Amino acid sequence: MAAQRALRLVSSEPLEPDADGVPQVRAVLELGCGCVVTRSMAADRVQVTVQGATLVVGKFPCREHSTPS
Amino acid sequence: MSTPEDKEARIVDARMRLRQRFEARQAATPALSDTAPMGTGQPNRHGMPRLPPGQHEVTNWPVLDLGQKPVVSKDVWRLELFGACAHPQVLDWSALMALPIVEDTSDFHCVTTWSRYDMRWRGVRFSDLAALAGVHDDAEHVLCHAYDHYTTNLPLVEALKDDVLIAFEVDGAPLPREHGGPARMITPQLYAWKGAKWISKIEFRVDDRPGFWEERGYSNRAHPWREDRYS
């Protein structure tokens with residue numbers, strides 16, 4: 001199981017904030033290895049770049065692939 | 001018993017010897033020497049394209065960590081210097097503040113493909129800590145340890161660059177806890193995971209030893225302008 005980057009945000013929905021009050025989302029991601037996974041994460045992991053593109057930042061483990069991408 | 005003047009003279013001497021030993025090799029590192037670097041945008045202060053390949057500019061500052069954000073007050077914060085050095089020691093906050101403090105504005109490139117420009121840092125140069133510790137002549141590597149048990153390794157030649165800091169302020173304010181406060185390391189010429197948040201120990205090593213992400217397939221070198229993300 002290795003960490004993958006997110007290539008694309010397929011969808012997301014807001015969740016309740018965590019214990020520290022940090023807003024959370026449940027996101028469906030297409031990872032660099034090609035797998036599509038659902039992950040809960042801090043809402044600010046979903047970024048809008050200066051060029052206006054949506055970017056999901058982080059290293060996301062994938063059970064299917066053993067090398068990072 | 002050595003006087004403060006003795007100590008200062010020893011640090012200056014150690015700094016000069018480190019500079020002599022690493023100056024040429026430092027100038028040959030990729031972020032300073034690539035003649036055809038990848039990336040886009042106007043040249044940065046080292047002549048590299050402002051935005052390394054595969055990166056996206058953002059204006060806020062995402063928070064990434066191993067899942068916990070340790071609470072470390074300045075009162076209990078300590079930085080241990082140990083390993084291949086003549087003067088292993090533990091610094092408390094006042095000892096860190098007694099070292100030369102510098103300000104520098106640099107770009108921040110995260111391996112998760114975002115970059116933030118023009119971050120204004122205040123901190124202590126890693127090279128001054130290396131001089132204080134009296135790094136042995138055969139030391140070539142550094143392994144940094146953090147309060148959240150994160151580790152990361154980098155070559156000493158990269159760690160000694162002038163823009164590598166143990167930073168405690170950013171953009172005019174104390175470094176927030178979620179970004180590694182009270183102090184973190186920054187490595188502007190490498191991907192940012194090489195700079196440990198909540199840094200607690202700096203280990204000087206003769207041999208290389210991979211850190212947390214390096215053991216999990218991430219690059220030992222981490223050169224942004226070569227898109228050197230994975231090993």
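Because the structure is predicted, anything quoted here is derived from the model rather than measured. Quick note on labels: first sequence line is chain A, next is B, and so on, each numbered from 1.
Contact check for B:Gln55 versus B:Thr112: no side-chain heavy atoms found under the 4.5 Å cut-off. With contacts defined as side-chain heavy-atom distances shorter than 4.5 Å, the pair A:Phe60/A:Arg5 does not qualify.
Taking the six-membered ring where tryptophan is involved, the planes of B:His179 and B:Trp61 are essentially parallel, since the angle between them stays under 30° and well short of 60°.
The stretch residues 213-231 of chain B places B:Trp213, B:Arg216, B:Gly217, B:Tyr218, B:Tyr230 near chain A, each with some heavy atom under 4.5 Å from a heavy atom of that chain.
When each of B:Leu156, B:Thr187, B:Asp162, B:Asp163 is checked for a side-chain contact (heavy atoms from CB on, under 4.5 Å) with B:Phe126, only B:Leu156 meets the rule.
Note: B:Trp121 and B:Phe168 fail the aromatic proximity criterion, with ring centroids not under 6.0 Å apart.
Put simply, of A:Val56, A:Asp44, A:Leu55, the one with the most heavy-atom pairs under 4.5 Å next to chain B is A:Leu55. Heavy-atom pairs under 4.5 Å with chain B peak, among A:Thr49, A:Val57, A:Thr67, at A:Val57.
Of the two parts of B:Val63, the backbone and the side chain both hold a non-hydrogen atom closer than 4.5 Å to a non-hydrogen atom of chain A. If you measure heavy-atom distances from A:Ala3 to chain B, the contacts under 4.5 Å come from both the backbone and the side chain.
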Candidate pair B:Asp107 and B:Asn44, rule side chain to side chain donor-acceptor pair (under 3.5 Å), full reasoning: CA-CA 9 Å; B:Asp107 298 341; B:Asn44 69 10; 5.4 Å; no
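Interatomic distance, B:Asp128 CG to B:Leu96 CG, rounded to the nearest 0.5 Å: 10.5 Å.
A search for salt bridge (charged side-chain N to carboxylate O under 4.0 Å, His left out) contacts involving B:Lys69 returns B:Asp65, not counting sequence neighbours.
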